[in-house]
Structures are given as structure tokens and as C-alpha cells.
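Data block below; observations after.
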Amino acid sequence: MSDSGNMVEVKGLSKAYGQRRQEKYAVYNVSFAICKGEILGLVGESGCGKSTLGRLLLRLERPTKGEIYFDGQDITGYSFTEMRKIRDRMQMIFQSSANAFNPYYTVRQIISEPVMNYRKTDAGERDALMTEMLEKVGLDSSYLNRYSHELSGGQRQRVGIARALILGPDFVVCDEAVSSIDFVLKKQILKILAEQKKKNGFTYLFISHDMAAVKAVCDRIMVMYLGNIMEILPEAEAKALHPYTQALLAAVLEPDPNVKREKKILFKESGELAIPEAGCVFWPRCLYATETCMHRSPELREIYDGHFVACHYMKNKRTLEENA
Amino acid sequence: MKRTKLVLNRILQIIPILLIVTILAFVLSNVSAGDVASVTLQSRGVQVTEENLEAVREELGLNAPMPVQYWNWLKKAVCFDFGNSFQTNRPVSEEILSRFPATLKLALAATLISLLMAIPLAVFSARYKDSLFDHAVRAISSIAATMPDFWLGLMLLYLFAVEWKIAPVISGSRTENILFPAFTLSVANTAAYTRVLRSNLLDAARGDYIIAARARGLGKSMALMKHGLKNALLPLITLVGINFGKMLSGQVAVETIFSWNGIGQFAVNCMKQKDLPVIQGYIVVVSITYILINLILDLIYMFIDPRIDSE
Amino acid sequence: MILMSNTPVLQIKNLKTYFYSRDSVVKAVDGVNMEVHSGRITALIGGSGSGKSVMSRSVMGLIDKPGKIVDGEIWLNGRDLRLLSEKEMRKVRGKEIAMIFQEPAAAMNPVVKIKDHLFEAVHTHDRKARRKDKMPAFREVLLGVGLRDPDKILESYPFELSGGMCQRVMVAMGIVANAGVLIADEPTSSLDLTTQISILEELMSLRDAGIAIILITHDLGVVAQTADDMYVMKDGKIIESGTVREVFAAPKHPYTRYLMEPVHVEELR
Amino acid sequence: MIKNTGRKLLRNKSAMFGLMIILILLLMGLFAGRIASHDPTLVDITNKLAPSSKEYPLGTDQMGRCILCRLIYGIEISMFTAIKVTFIILLVGVPLGMIAGYCGGIADNLVMRLADIASTFPSTLLALAVVGIFGPSLDHLVLVFIFLWWAPFARMVRSSVIKLKETEFVMAAEAAGCSRRDIIMKHIFPNTLSPVIVYATLRIAAVITHIAGFSFIGLGSQPPAPDWGVMLNDGRQYIDTHPGMLFWPGLAIVIVVFAFNLFGEGLNDALIPAEEEMAVVKETGDSNE
């Protein structure tokens with residue numbers, strides 16, 4: 001069981017794809033918890049398994065190993081119908097790519113689907129509920145009769161948010177909710193998510209490869225690389241200790257010409273992106289890789305309260321801080 | 001290397017299908033021919049009496065249980081021996097092999113003609129998209145695609161043999177007058193190949209690498225020809241191969257019209273006379289060639305397209 | 001405006017490119033003026049749908065039906081490209097002005113080896129070139145863009161390379177025909193953070209070698225850290241231009257100001 | 001969505017032309033009795049091979065039967081059977097494709113192996129084998145078509161179901177608490193329909209050609225049935241004296257097949273959103289958010 005303070009808790013979670021022998025792990029031995037009312041950021045390069053992790057939490061994909069607890073209940077082994085009973089308490093905001101909505105559905109049908117599945121309401125009540133929700137995301141009831149291909153990227157994104165939040169879920173996974181859309185809209189969407197959180201106390205897992213957006217919105221930040229959790233920062237401005245996080249932050253381009261980053265790429269130049277047979281997944285590209293790193297994969301250990309790092313090199317944290 | 005593993009398991013795949021084909025051929029023809037014994041007797045002109053029937057059944061081993069009969073038949077079938085044809089009493093394998101070259105020549109000629117027509121037509125209509133030429137090609141190919149080959153054959157025969165008396169009415173399987181039957185067969189295929197190649201070329205042209213090639217200074221046609229064509233031809237290989245395999249089963253209609261005695265016409269006549277061994281032989285031979293052609297096609301595809309190796 | 005000593009290598013005056021559909025005309029590029037100088041990176045920044053990609057294709061003369069360049073002049077090395085015939089324009093593309101794309105793997109023919117791509121870039125403009133004696137030059141140019149194992153790369157196919165490596169090959173193809181101007185259309189948007197930096201550094205070293213680069217992007221960080229001059233584009237028009245320092249220091253147009261407003265909005269927390 | 005597909009279809013002139021021909025022929029086939037002035041199988045040797053006249057607009061065949069009437073009655077044999085066959089093919093292929101695509105694993109392998117077996121036989125071969133057993137008749141021919149042509153539909157539906165399962169809106173439907181039945185029937189099935197409808201229309205044209213083809217060589221309908229293939233075969237001996245007997249049935253086949261192809265292509269343009277030619281414009285046109 002997990003203590004009641006956590007909305008979602010995960011222990012030793014793994015997900016593998018491919019045939020029996022040469023399966024590839026998209027998510028490998030991940031353990032963490034998200035407290036109620038918190039926004040946990042999940043950041044990492046594309047293809048590191050963040051979206052898979054997000055879908056695993058909502059059981060939209062079946063885990064290969066490990067346990068998932070939702071508000072104290074162990075939902076790892078729940079059947080399709082058992083999951084349906086609690087789906088209204090957990091929702092997902094998708095990236096709203098081209099196939100985000102069923103082309104044959106109008107916006108009304110899209111948003112009313114969750115309502116019809118979980119609330120006994122007649123058409124009038126539903127329309128009122130939907131109009132109210134659309135206004136919250138900056139649209140209005142005139143969009144109800146439109147089809148998804150008649151909407152622009154930003155409008156589609158807001159309909160996705162409306163669909164996810166209309167039932168007032170306790171836990172929301174935002175999978176790259178802002179990365180595929182225009183710079184200008186990004187801020188509007190982030191504002192909407194923040195307002196919703198303040199008013200109704202939602203708990204978010206905010207997945208993105210855009211460090212600036214994650215830093216702006218999240219309380220804690222989890223850094224993922226090739227299916228493994230490298231580091232969990234206790235708060236957005238915390239000092240990165242893991243070599244990978246430092247390299248990631250160094251690679252963020254400051255939108256200010258005066259802040260000239262000294263040309264420092266904290267990666268070994270030749271390292272390729274394949275998962276090594278043994279040891280820490282990051283050692284082929286890590287500047288501080290030692291013998292132990294190549295053979296034993298480090299567990300996620302708590303260095304300070306709330307600051308977890310998965311790195312052998314972390315034994316003497318001072319050396320890391322000197323050259324960070 | 002990964003590719004040899006792919007090749008091996010592709011070859012192993014045909015074993016089960018071959019077995020199924022032989023079982024089907026055996027069961028089908030056995031059930032159809034009614035009482036095999038009486039049919040054999042009649043073909044030998046022997047009076048059908050109880051003892052003769054019994055003797056023939058013994059001789060042909062018809063009393064043995066079905067699997068045993070099948071096994072005996074399969075042993076012989078593997079070394080290409082299907083017994084004698086009831087009508088001509090000559091070994092079935094001889095009958096089929098003597099007619100197979102005619103069908104093969106016809107199929108090759110038809111495929112060649114359709115490729116020679118389809119590739120230039122497709123390339124030009126893709127290059128000059130929505131031009132008059134493009135619309136003309138699309139209109140003609142949509143009409144040609146509707147042309148049943150047997151009717152076209154009759155019309156051509158009427159025009160050239162009867163009306164203008166250029167071609168002989170009975171052409172026999174001599175190669176010099178293969179043109180008409182081959183052309184008849186090729187028309188429908190040409191329409192299909194032109195359409196497929198044209199849409200592949202247009203997809204390729206939309207691909208970034210054509211725009212990138214033009215950005216490097218290649219002309220629009222040059223880029224399409226050099227880069228687009230190779231990528232567009234790959235999927236066409238499968239289509240051409242499958243059609244060729246189908247033609248090898250003998251184009252009965254065209255063979256009958258142009259009295260081109262390939263195995264298709266022969267098989268239909270034997271079927272009408274319920275000539276059991278010939279039907280069995282025909283089904284096994286044609287199925288094996290069709291399966292082998294599909295196999296060869298997949299192998300060619302594996303070696304030509306570098307991407308297969310990495311999957 | 002931009003104070004420049006030498007005359008610009010590429011000058012665009014009042015360029016208009018429209019797209020005609022059955023019942024509407026889309027003014028993708030609607031009267032754009034722009035100057036690009038050798039040895040400088042000129043950024044063209046705008047949201048999706050601002051017309052920046054159409055701009056790059058118009059300069060290269062790669063606008064097909066139903067699009068059409070209706071007005072304006074494109075001066076490259078002292079010649080107005082719009083007056084050139086298609087045959088003459090082909091000699092310009094690749095030789096005087098090269099282009100790299102957002103999806104590097106898609107911009108290369110999947111069934112052709114890298115060495116043949118490079119050879120084609122050279123052969124198109126120098127018919128007498130022979131594959132054998134060009135090999136050293138290819139090895140050289142691949143090393144020049146930071147690829148460490150040129151021989152293996154020359155023999156491999158595009159799908160065997162990572163996104164970053166493909167993009168470097170594209171850059172190599174641009175400079176192997178020693179074009180003076182390089183248009184980079186969102187060169188790093190599909191690459192991950194770490195490769196993004198190394199590609200931008202390649203572009204900066206090309207700029208230092210004197211090549212004029214037009215960098216098309218929607219990411220302010222890329223502009224701030226790499227570009228020298230910048231043009232902000234919205235709905236087919238240039239709404240602001242200047243050196244990067246000038247525009248970042250004092251953005252005049254409200255859209256630019258909104259773009260630059262940092263994401264750390266206090267009330268978000 | 002259906003509304004604007006309909007509008008796109010109406011704008012497509014060739015598709016409408018094709019549909020019009022199909023409808024006219026269907027009506028003629030249904031009311032053959034009233035339209036055709038003579039009984040298609042009534043033999044009248046005295047009137048053998050008569051030239052076209054007011055009473056016999058297309059003349060008579062070697063048994064004195066009115067060619068035009070036989071053509072009209074032939075509609076029922078070729079078009080109605082083709083539509084019936086294609087419908088059965090859909091009933092077999094589409095559900096199997098859905099099961100293979102949605103359930104995956106053993107069901108998927110089983111269906112795909114069956115599809116492979118079905119496509120190992122060239123149509124001529126199977127027709128010969130089946131007709132060899134049960135004797136030549138149209139119904140046996142129908143069996144051959146069904147056995148042969150359910151596989152492409154199953155493969156097509158399977159691949160689109162597999163693609164659809166990965167799309168966001170199917171996952172979102174699961175996240176929204178929809179039952180499996182809703183997900184399949186409301187989200188997956190409608191989105192697999194467009195290519196199936198287009199391919200089915202083109203398949204009807206192919207079935208018509210094959211029915212006539214096999215009847216021509218004696219494997220399908222038998223004389224005196226007014227099948228266009230049979231009429232063509234009858235006319236073969238009179239190729240030099242009465243080419244008309246060959247021309248008209250062939251033309252009938254071409255018209256019907258052409259109509260279905262036209263309609264099929266029109267459906268294709270209307271139902272399947274081709275990559276917008278103006279992809280660049282869509283990008284620019286999207287700016288006024």
C-alpha cells in the first residue's frame with residue numbers, strides 16, 4: 001500500500017517492446033511518487049520514454065513489471081472494466097497532433113463523450129457544462145458544431161484541454177501539451193493549466209522536452225534518459241547534480257543575446273544513443289564515466305531531502321559541484 | 001547477416017503452403033471425378049463390369065485409406081509423375097511441359113509490352129501533371145482498365161484477321177504471330193501499371209528529397225527521373241511479378257480466341273472431360289510456379305531495397 | 001536599420017508569392033524586403049504560418065503550381081534571379097545558393113548512398129568531375145562539418161545515420177559545391193537539444209568562413225545565440241528587423257514584444 | 001463530416017456520371033420484364049441471325065433470340081451477382097480484418113495465414129478446381145470469388161485498425177471511459193470505412209469482368225442463360241458474318257465496368273483526403289488563430 005499523501009505512486013515500473021529475447025525497454029525500473037495538488041515536471045530528450053511513462057500511469061498501456069498505485073489503490077492488475085470505473089478521476093491532455101480527434105466527431109461529441117460516460121445529465125445540462133468549460137479555455141459555444149479539421153492548432157489544443165478537464169479529474173497527465181504549437185499560444189495554454197490547478201487543486205504530470213516551459217510551471221522536475229530516471233530536482237530552480245541534467249540545462253538556449261553561454265557541451269562527442277548492455281545508461285556519453293559506471297547501474301538515492309540522483313559519481317558531491 | 005535469416009524463414013514459409021496445395025489438389029480432383037475406377041475403364045474402352053471395376057480399383061490402389069492414397073500420389077507427384085491423361089493416354093507431365101513454353105512466351109511478351117508502354121506514359125504524365133497529356137493518359141488508362149481481355153481479343157481478331165486480313169485467323173503457337181495475343185493481354189496490365197507508377201512518382205515528387213535535389217540544381221524532370229523513378233519502381237516490381245505469376249496459370253480466354261495452345265486452354269478442355277490426372281498435375285504445377293515466383297519476388301525486393309536489411 | 005559596409009550578397013525587394021485555390025487567394029509572402037550579407041547569419045523568425053518557408057522556396061525559385069511569385073526582385077551576386085530562365089536558374093541553385101531542410105533524413109533519397117549524394121551535388125555543376133578523384137574532397141568536407149568517420153559514412157545509406165549526422169551531410173552537400181549563400185529552413189527543430197547545439201556551431205563556423213546564412217526558425221533562443229541580424233515575420237510581412245542586439249534590447253512592434261516576454265510569468269505558480 | 005464528403009462527391013462530375021449510368025442499368029435490370037420486348041430464351045430458328053430492325057433493334061442471334069433483350073436480362077446476372085458477391089466478401093473480410101487488427105496475437109496470425117493461403121491461388125486455377133468438382137455454374141463461380149477476394153479487404157482493414165489503435169483519439173476514448181464496443185464501433189470502424197468503400201466499388205467492376213470471362217470459357221453460366229460471356233462465346237463462330245453479336249455484349253461489359261470505376265475514383269477523391277496539394281498554403285492559411 002502507499003501512504004495517503006500521494007496521488008500516484010510507482011514502484012519498479014518497466015515497459016518493454018519487441019519479441020521475447022531482444023526486447024527493448026522504453027521504461028526501466030522507475031520508482032517515484034506524485035503528491036496531491038503538485039505539478040511534477042517530467043523532462044528528457046525525444047525518445048527517452050516520457051510519453052510511455054505517462055500512458056503507463058493511466059494504464060493506457062500494460063506495464064511489463066512493477067506496481068502502480070492511484071490514490072492508494074493498486075491499479076497494476078486492474079481489468080479494462082475495473083479501470084473504466086475510475087477513469088473519470090484521471091485524464092490525459094495529448095499533444096493534439098493531426099489525429100488527436102475522430103474526424104467524424106464534432107467538438108460537441110468530442111467533449112461530451114466523457115460526460116455521457118460518467119454523469120447522468122440531459123442534453124441541456126451537458127451543453128451548459130460544455131459551454132462553461134469552453135469559455136474557461138478561451139473558446140465559446142460557437143465551436144461546438146465545428147469539426148476538428150476546421151480548427152487551427154491552438155484551438156484544437158484547447159478543445160483537448162476542455163475534454164480532459166470537464167469532469168474535474170484529480171490527476172491529469174499533460175503529454176507535450178505545449179511543444180507542438182506556436183510560441184505565442186504556449187503561454188496562453190500554460191496560463192490555462194495554471195489557473196485550473198489553482199481553482200480545483202488538480203495534480204499534474206507535465207511532460208515536455210521544453211525546459212523553459214517545465215521550469216516555469218512545475219514544482220518538482222524529474223529528468224529521464226533512455227527509460228531511466230536520472231534525477232529528481234526538489235524545486236524548479238534547484239541546482240542540477242546529475243551530469244546528464246547539467247548537460248541538458250547547458251544545452252538550453254537562453255532567449256537573450258547578452259547572456260552568451262560559453263560554448264560548453266557537457267557530452268562526450270562520440271557517444272551514440274543506444275542503450276549499453278550494462279551499467280548506467282548514460283555512461284557512453286558521460287564526461288565523468290568511471291569503471292563502476294560501466295558495470296553497475298546506479299539506484300536513485302536521496303542526497304538531500306527530496307533531491308534524488310542516480311549516479312555512482314555522486315559519492316563525493318563536492319567534486320561535481322566544483323566543475324558544474 | 002540479418003538478411004540471410006529473413007531469406008531462410010521466407011523460404012521455410014512456402015513449405016506449409018505447398019503441402020496445403022498438394023492436399024487440396026488431391027482431394028479436389030478425387031471428389032470431382034466421381035468414381036475414378038469407372039472413368040478409367042471408360043477411357044481404356046473396357047466394358048464397365050463389377051470385376052473390372054474391382055480390378056481397376058486394386059490396380060490404382062483406390063481401396064487403400066485416403067491418407068495412404070494421398071501419400072502414394074504425393075510420392076509420385078514430387079517426381080513430377082501424375083500418371084497418364086485419360087484422353088491421350090500420354091504421361092500428364094509430358095502434356096503439360098509441351099504446352100508450358102507457349103504460355104510462358106505469352107506471359108513474358110505481354111509483361112514486356114505493358115512495361116514498355118507503362119513506364120514512359122507514367123513518367124511523362126507525372127512530370128507534366130494536369131497537362132493535356134496527363135489527362136489524356138489518365139482517361140485512356142481508365143478506359144483500357146475496363147477492357148476485358150477476351151473481348152478486346154475478339155475485336156482485334158475481327159479487325160486484323162477478318163476486316164483488314166493482315167493477321168492469320170488461326171495463329172497457332174508460332175512465335176511470329178505472338179503480337180496480337182500478347183498485346184491483348186498487355187492492355188489491362190498497362191493501364192494498371194501506368195496508374196500505380198504515376199501515383200508513386202507523384203508521392204515521390206512530394207517527398208523532400210526531390211525538392212532537395214532541385215535545390216542542388218537538378219531540373220524538375222531530372223530529379224524525378226533520377227531519384228523518384230527508382231523509389232517508385234520498387235513497389236511496381238511486386239505488382240508486375242504477381243500479374244506475371246497469374247498469367248502463367250494460362251490465359252484461357254486469349255488462348256482460345258487466338259487458338260494459342262497454352263496450358264490454360266488444355267486444362268479447361270481436360271476439366272470438361274473430367275480428365276482427373278491432368279487436373280491434378282495442372283493444379284500442382286501452376287501453384288508451385290506461382291509460389292516460386294512470389295518467393296523470387298520477395299528475395300529480389302530484399303536485395304534491391306537497402307532498408308529491408310535494417311528492419 | 002542595418003549599417004553594413006559591403007553591399008549585401010542577397011537583396012530581396014518587395015517579394016510577393018501568392019497561392020491560388022478555387023475560391024481564395026492566400027498571400028503567403030506579401031511584399032517582403034530583406035538583405036543578407038556574407039559572413040553574417042540573418043535569422044528569419046515567425047510563428048507557424050507566417051510564410052517563412054514560402055519565402056525560402058521563393059528565393060530558390062522552387063514555387064510550383066498553385067503557387068506563383070507575382071512581384072518583387074531577388075538580387076543574388078548582382079543578378080535578379082526572377083529574370084533568369086529555368087535553365088539558367090538551375091545553374092544558380094546549389095552552386096551560388098544552397099539549402100538545408102527541417103527533416104534531414106527525408107531530404108535524402110533513402111536508396112542512394114551518401115557518397116552518391118555528394119557526387120551529385122558536385123556533378124550537377126561540373127560535368128567533367130569524376131567520382132574517384134572527388135573522394136578526398138568529400139572526406140575533407142565531411143570532416144569539416146564534424147563527422148569523424150567519413151569513409152564509413154560515405155558508404156552508408158541515409159536511414160543508417162542519426163538525425164544529427166544526416167543534417168551534417170546536408171550542410172556538407174551545401175558547401176561541397178562552395179555556394180556563397182546557405183538557406184537553413186528550421187535546421188534544428190527536429191533534432192534533440194544536444195545535437196541542436198553542434199549543428200548551430202557548424203553553421204556559425206561556416207559564417208566565420210564567410211558564407212552568408214539565412215536561418216529560418218520559430219525559436220527565439222536559436223536566434224539570440226547564433227544570429228547576427230534578424231527579421232520578424234507575421235502573416236507574410238516583415239514587421240520588424242535589425243541586428244539581434246538592437247531588436248532584443250528595444251523591440252518596437254507589439255508582436256515582437258509579446259514574443260520576447262519571458263515565460264516565467266509570476267502568477268503561473 | 002458525411003455532409004462535406006457528400007458535397008465533394010457531388011462536385012466530382014465524373015463520379016456522378018458513373019453513378020447515373022449505374023442507376024439507369026440497375027433500373028433496367030430490375031424491370032427487365034417490362035422493358036425487354038421478347039423472352040431472352042425464346043428460340044425462333046426461322047428468325048435466325050436477323051439484321052437490326054424495329055422489332056429487333058440489335059438483330060437476333062444464331063437461335064433467333066433478340067440480342068437487346070438478352071443484354072437487358074444479362075444485367076441481372078452480371079451486376080446483381082457482382083454486387084451480391086462484393087457484399088458477401090465485405091461481410092467476410094471486414095470483420096476478420098477488425099478482429100485481426102484489434103486483438104492481435106494468435107487471432108491476427110491465424111487470419112493472416114488464412115489470407116496468405118487465399119492469395120496463393122491464381123483465380124483461373126481455383127475456378128478450374130472448384131468448377132471441376134461441382135460442375136460449371138454461376139453459383140460455384142461465386143464461391144471462387146468469395147474465397148479469393150476476402151483477403152485484400154481483411155488486410156486493408158487490419159492495417160488501418162492497427163494504425164488507428166495508436167492514434168490519440170482512440171486512446172482518448174479509452175481515457176474518457178468508453179466501453180470496448182464504443183471504441184470499436186464509434187471510433188475505429190467508421191475510420192476504416194473510406195478505403196473499404198472505394199475498394200469495394202472497384203472490386204464490383206472486377207467481379208463483373210471475371211463473371212463474363214469465366215462464362216466465356218464455359219466455367220460460369222451455361223447456355224441458354226443470357227450471360228454476356230455466354231453471348232460472346234456464342235458469337236465467336238459468326239465473327240466474320242455477324243460481328244455485331246460480339247460487339248454489343250462486350251460494349252455492355254465495358255460500360256458497366258467503366259461506370260463503377262468512375263464512381264469508385266470519385267469516391268476515392270471525396271472520401272480519402274489526398275495530401276493537400278497546397279500543404280504549404282495550409283501552413284500559411286493557418287495563421288489567423
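Note on naming: letters A, B, ... go to the chains in the order of the sequence lines (proteins, then strands), and numbering restarts at 1 for each one.
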Which atoms of [X] come close to chain B, meaning under 4.5 Å heavy atom to heavy atom: side chain ones, backbone ones, both, or neither?
X: L219(D); value: side chain
X: I253(D); value: side chain
X: A212(D); value: both
X: S119(D); value: backbone
X: F214(D); value: neither

Exercise. If you count heavy-atom pairs under 4.5 Å between each of N233(D), L246(D), T209(D) and chain B, which one has the most?
Worked result: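 So the answer, after comparing N233(D), L246(D), T209(D), is L246(D).
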Problem set entry | Residue among P243(D), A206(D), S123(D), A127(D) with most heavy-atom pairs under 4.5 Å to chain B |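 Heavy-atom pair counts peak at P243(D).
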Heavy-atom pair count under 4.5 Å with chain D, highest-scoring of [options]:
options: I143(B), N294(B), I291(B); answer: I143(B)
options: C270(B), S249(B), P16(B), G264(B); answer: S249(B)
options: M147(B), K246(B), M155(B); answer: M155(B)

For [X] against [Y], the heavy-atom pair lying closest together:
X: V252(B); Y: T124(D); answer: CG2-CG2, 3.7 Å
X: R236(D); Y: I257(B); answer: NH1-CA, 4.3 Å
X: L128(D); Y: Y282(B); answer: CD1-CE2, 3.2 Å

Does atom [atom1] of [X] have more than 12 heavy-atom neighbours, drawn from other residues, nucleotides or ligands, at distances under 6.0 Å?
X: F17(D); atom1: CZ; value: no
X: W248(D); atom1: CH2; value: no
X: I15(B); atom1: CD1; value: yes

Exercise. Going by the angle between their ring planes, with limits at 30° and 60°, are F150(B) and F216(D) parallel, tilted or perpendicular?
Worked result: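 Parallel: the ring planes of F150(B) and F216(D) meet at under 30°.
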So how far is it from [X] [atom1] to [Y] [atom2], rounded to the nearest 0.5 Å?
X: L125(D); Y: I263(B); atom1: CG; atom2: CD1; answer: 9.5 Å
X: S142(B); Y: L262(D); atom1: OG; atom2: CG; answer: 6.5 Å
X: I217(D); Y: Q265(B); atom1: CD1; atom2: CD; answer: 10.5 Å
X: I117(D); Y: I20(B); atom1: CD1; atom2: CD1; answer: 3.5 Å
X: I208(D); Y: T146(B); atom1: CD1; atom2: OG1; answer: 11.0 Å

Exercise. With a 4.5 Å limit on heavy-atom distance, are the side chains of E265(D) and R138(B) in contact?
Worked result: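 Answer no - side chains too far apart.
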Exercise. With side chains defined as the heavy atoms from C-beta onward, is the minimum distance between V286(B) and P122(D) less than 4.5 Å?
Worked result: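 A side-chain contact under 4.5 Å exists here.
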For this session: Give a yes or no on whether the backbone of V254(D) and the side-chain of W151(B) come within a donor-acceptor separation of less than 3.5 Å.
Result: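 It does not hold such a pair.
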